[in-house]
Amino acid sequence: MKPLLIVISAPSGAGKTTLCDLLLRAYPEIEYSVSCTTRLPRPGEEDGEDYHFIPEEQFARLVKEGRFLEYATVHGHSYGTLRDPIVDALKQGQSVLLDIDVQGATKVRENIAKLPADDLLRQGYVDIFINPPSVDELRVRLEKRGTDSPEVIEKRMQNAEEELSHSGEYMYQLTNDDLRTCFKRLCDVINVKGGIL
Ligand code: 5GP
């Protein structure tokens, strides 16, 4: 497979994490880009696996040193994607999956557009937005997940509306009304972009 820089965004609750997990299982040559975040781990989350959970001061230092390809504040916490591990993976022929929010994806897209046409990051770039079946269904999913307080769910719902308004900026939009179908479509995108189909 041609090394891809795959950016996937979706409002929380749209099923993005499940889709990303399935993708990583189906394509061992895709590496998950572990983001840095200043939020606390949720039960079951592992440092270095789900995120690099770091303190605010360390995050601020990395920003100052220019180490992030992009960073953003989401739901009151800082999140950022380190540039070096991505470039290293692509150079080694590995694809990289970025699970980032709309603000982050916009910044990555802007940064990529400034690169020369033959740059590895630009050549392999593909971004995909996952739509939930509906806003109502999104609330149901967030409530069912049971990981967030009602206040956090409200905040996520407000963010979701804002994020949905940017879906048209992505190269591909998929709707996750049925997980299996959505996953199949996601694989098709990856296969086409990776030169397999
Ligand atoms: P959560 O806290 O639920 O894991 O993630 C909240 C949001 O932050 C999600 O939309 C997720 O995609 C986004 N996010 C995770 N990592 C990054 C990152 O490195 N950069 C940006 N901009 N957003 C991220």
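Ligands are counted one by one from 1 in listed order, and the atoms in each one are counted from 1 as well. Note that the structure is a prediction, hence the values are computed from the model and not measured.
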Using 4.0 Å as the upper bound for N to carboxylate O, is an ion pair formed by Glu56 and Arg61?
no
Can you name the residues that come within less than 4.0 Å of ligand 1, going by heavy atoms only?
Lys16, Ser35, Arg39, Arg42, Tyr51, Glu70, Ala72, Val74, His75, Tyr79, Gly80, Thr81, Asp99, Ile100, Asp101, Gly104, Arg156
Is the closest side-chain donor-acceptor distance between Arg145 and Thr147 under 3.5 Å?
yes
Under a 4.0 Å N-O cut-off, is there an ion pair linking Glu151 with Arg156?
no
If you look only at distance, which donor and acceptor atoms sit under 3.5 Å apart when one is on a side chain in residues 101-110 and the other is two or more places apart or in another chain?
{"residue": "Asp101", "atom": "OD1", "partner": "Gly104", "partner atom": "N", "Å": "3.0"}
{"residue": "Asp101", "atom": "OD2", "partner": "Gln103", "partner atom": "N", "Å": "3.3"}
{"residue": "Asp101", "atom": "OD2", "partner": "Gln103", "partner atom": "NE2", "Å": "3.1"}
{"residue": "Gln103", "atom": "NE2", "partner": "Thr73", "partner atom": "O", "Å": "2.7"}
{"residue": "Thr106", "atom": "OG1", "partner": "Val102", "partner atom": "O", "Å": "2.8"}
{"residue": "Lys107", "atom": "NZ", "partner": "Tyr71", "partner atom": "O", "Å": "2.2"}
{"residue": "Arg109", "atom": "NE", "partner": "Asp127", "partner atom": "OD2", "Å": "2.7"}
{"residue": "Arg109", "atom": "NH2", "partner": "Asp127", "partner atom": "OD2", "Å": "3.2"}

Below 4.0 angstrom, N of the basic side chain to O of the carboxylate: do Asp21 and Arg25 qualify?
no
Matching residue for Tyr51 among Tyr32, Tyr79, Phe59 - test: ring-ring contact (aromatic ring centres under 6.0 Å, His included):
Tyr79
